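Structure record follows, encoded as structure tokens.
Just the heavy atoms: all of them, side chains too, but no hydrogens, waters or symmetry mates, feed the values below. Note that the structure is a prediction, hence the values are computed from the model and not measured.
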Amino acid sequence: MRAVVVTRPGGLDALQVTTVPMPEPQPGWVRIKVKAFGVNESEVTTRKGESDAEVTYPRIPGIEGVGVVDQADEGSGLRPGQQVATMMGGMGRSFDGSYAQYMTVPARQVIPFETGLPWEVVGALPEMFQTAYGSLAAGLGLQAGQTLLIRGGTSTVGLSAATIAKDLGATVLSTTRSPDRAGELRAIGVDHPLVDNGTIADEVRELMPDGVDAALELVGCSVLADTFRTVRRHGTVCFTGALAGQWTIPDFTPFMIPSGVRLTSYAGGATDLPPQVFQQHLQDIAAGRLGAPVAKVHHGLEQVRDAQADVEAGTTPGKHVVLLDD
């Protein structure tokens with residue numbers, strides 16, 4: 001089969017399209033014929049050699065993908081030809097991922113679904129929807145009628161979180177660094193787009209004098225102290241990402257967290273996304289009730305370099321998707 005392999009870290013030319021042996025599934029694993037996959041910042045990090053020690057080389061990158069079951073044990077509950085999604089759990093990091101015609105993954109991280117949506121739409125969803133849903137459900141416990149601040153709102157996870165929160169019935173405040181992109185946030189239903197210059201707490205308090213009920217932190221530790229100031233007493237901040245690159249706080253002290261404000265984090269996996277929730281999300285997209293933020297569709301493994309270049313440029317909101325044509 002054909003795959004994109006990173007033999008050693010480097011620039012875009014480290015992404016080499018080559019022929020590799022067909023992967024054979026281990027007991028309890030499933031082989032999937034890949035139809036499409038989203039391209040993520042973490043895969044750029046893997047290609048550059050900036051990931052943690054979990055990543056080894058040579059490696060087929062790709063932390064998410066969608067396709068159809070090609071081979072599965074009877075006990076898996078999956079059948080050949082079934083539509084499935086998979087993500088995370090070491091994919092593309094400690095074992096080969098989705099930048100290939102076929103991939104093998106543990107059956108426990110496979111989510112079956114049925115949809116008539118195009119593969120390039122479904123391929124945009126698994127990682128960003130799982131991360132967004134997990135952050136809101138497991139991290140924040142967001143409820144209908146509550147207020148949510150999304151910091152890093154034009155990221156793929158931020159856009160997905162906004163659509164999920166609005167569908168739930170929350171009031172959503174969401175940030176962008178560029179005033180020109182505020183309209184993009186309004187277009188997906190955000191109630192209060194905010195331009196983030198590094199300090200937004202005062203503006204949030206003008207809108208919500210008591211503070212928001214929940215805040216999803218995607219920008220990172222460089223702005224976390226300011227995010228704390230936006231949340232009401234007994235509200236919660238969920239740390240999920242660090243788009244600005246700062247994952248730690250030097251000389252951290254617990255007393256930097258305001259009294260009564262709760263801090264949690266989210267770094268879950270496929271098991272946090274119930275199949276029925278993913279299926280409902282697909283149905284909502286098909287019915288036009290939710291949007292699927294697709295930035296651009298790239299055709300074939302040969303365009304993976306272009307897709308990663310676009311992700312690094314960050315000029316187009318939404319997910320870059322690679323569609324594998326038969």
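Sequence neighbours left out, the pairs with a member in residues 81-95 that pass salt bridge (charged side-chain N to carboxylate O under 4.0 Å, His left out) are D52-R93, E54-R93. A salt bridge (charged side-chain N to carboxylate O under 4.0 Å, His left out) check over residues 246-262, counting only residues at least two apart or in different chains, returns nothing. Pairs passing the salt bridge (charged side-chain N to carboxylate O under 4.0 Å, His left out) check and including a residue from residues 137-151, sequence neighbours excluded, read R151-D196, R151-D226. Pairs engaging residues 158-215 under the ring pair (Phe, Tyr, Trp, His ring centres under 6.0 Å) rule: none recorded [sequence neighbours left out].
Here the straight-line distance linking atom OG1 of T236 with atom CG of L216 works out to 12.0 Å at 0.5 Å rounding. Note that the CD atom of E127 and the OG atom of S160 stand 9.0 Å from one another [nearest 0.5 Å]. The line from CG of L273 to CZ of F129 is 5.5 Å long, rounded to the nearest 0.5 Å.
Under a 4.5 Å side-chain heavy-atom cut-off, the cluster of Ile, Leu, Val, Met, Phe, Trp and Tyr residues that includes V212 is completed by L149, L173, L194, I200, V204, L207, M208, L224, F228, V231, V237, F239, W247, I249, F252, M256, I257, V261, L263. In this structure, V219 shares a hydrophobic cluster with V223, the cluster being traced through Ile, Leu, Val, Met, Phe, Trp and Tyr side chains under 4.5 angstrom apart.
Not counting sequence neighbours, the partners of D167 by the side-chain contact (heavy atoms from CB on, under 4.5 Å) test are D284, L290. For Y266, there are no ring-ring contact (aromatic ring centres under 6.0 Å, His included) partners, not counting sequence neighbours. For H320, the side chain to side chain donor-acceptor pair (under 3.5 Å) partners are H298, not counting sequence neighbours. Remark: W29 engages F95 in a ring-ring contact (aromatic ring centres under 6.0 Å, His included) (not counting sequence neighbours). Every side chain to side chain donor-acceptor pair (under 3.5 Å) that T56 has, sequence neighbours left out, goes to R59.
Hydrophobic clustering of Ile, Leu, Val, Met, Phe, Trp and Tyr side chains at less than 4.5 Å, counting indirect connections, unites V30 with M22.
For Q303 and D306, the side-chain atoms include no donor-acceptor pair closer than 3.5 Å.
One finds a salt bridge joining R31 and E24 here, because a Lys/Arg side-chain nitrogen approaches an Asp/Glu carboxylate oxygen to under 4.0 Å. Electrostatic pairing of D191 and K166 counts as a salt bridge here, judged by a charged N lying under 4.0 Å from a carboxylate O.
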### Residue pair V6, Y57: steps toward the side chain to side chain contact (heavy atoms under 4.5 Å, CB included) verdict
CA-CA 7 Å; V6 176; Y57 303 91; 3.8 Å; yes
May I have the list of side-chain donor-acceptor pairs in residues 104-113 shorter than 3.5 Å, sequence neighbours left out?
| unit_1 | atom_1 | unit_2 | atom_2 | d |
| --- | --- | --- | --- | --- |
| Q109 | NE2 | T86 | OG1 | 3.4 |
| Q109 | NE2 | M87 | O | 3.3 |
| Q109 | NE2 | M88 | O | 2.9 |

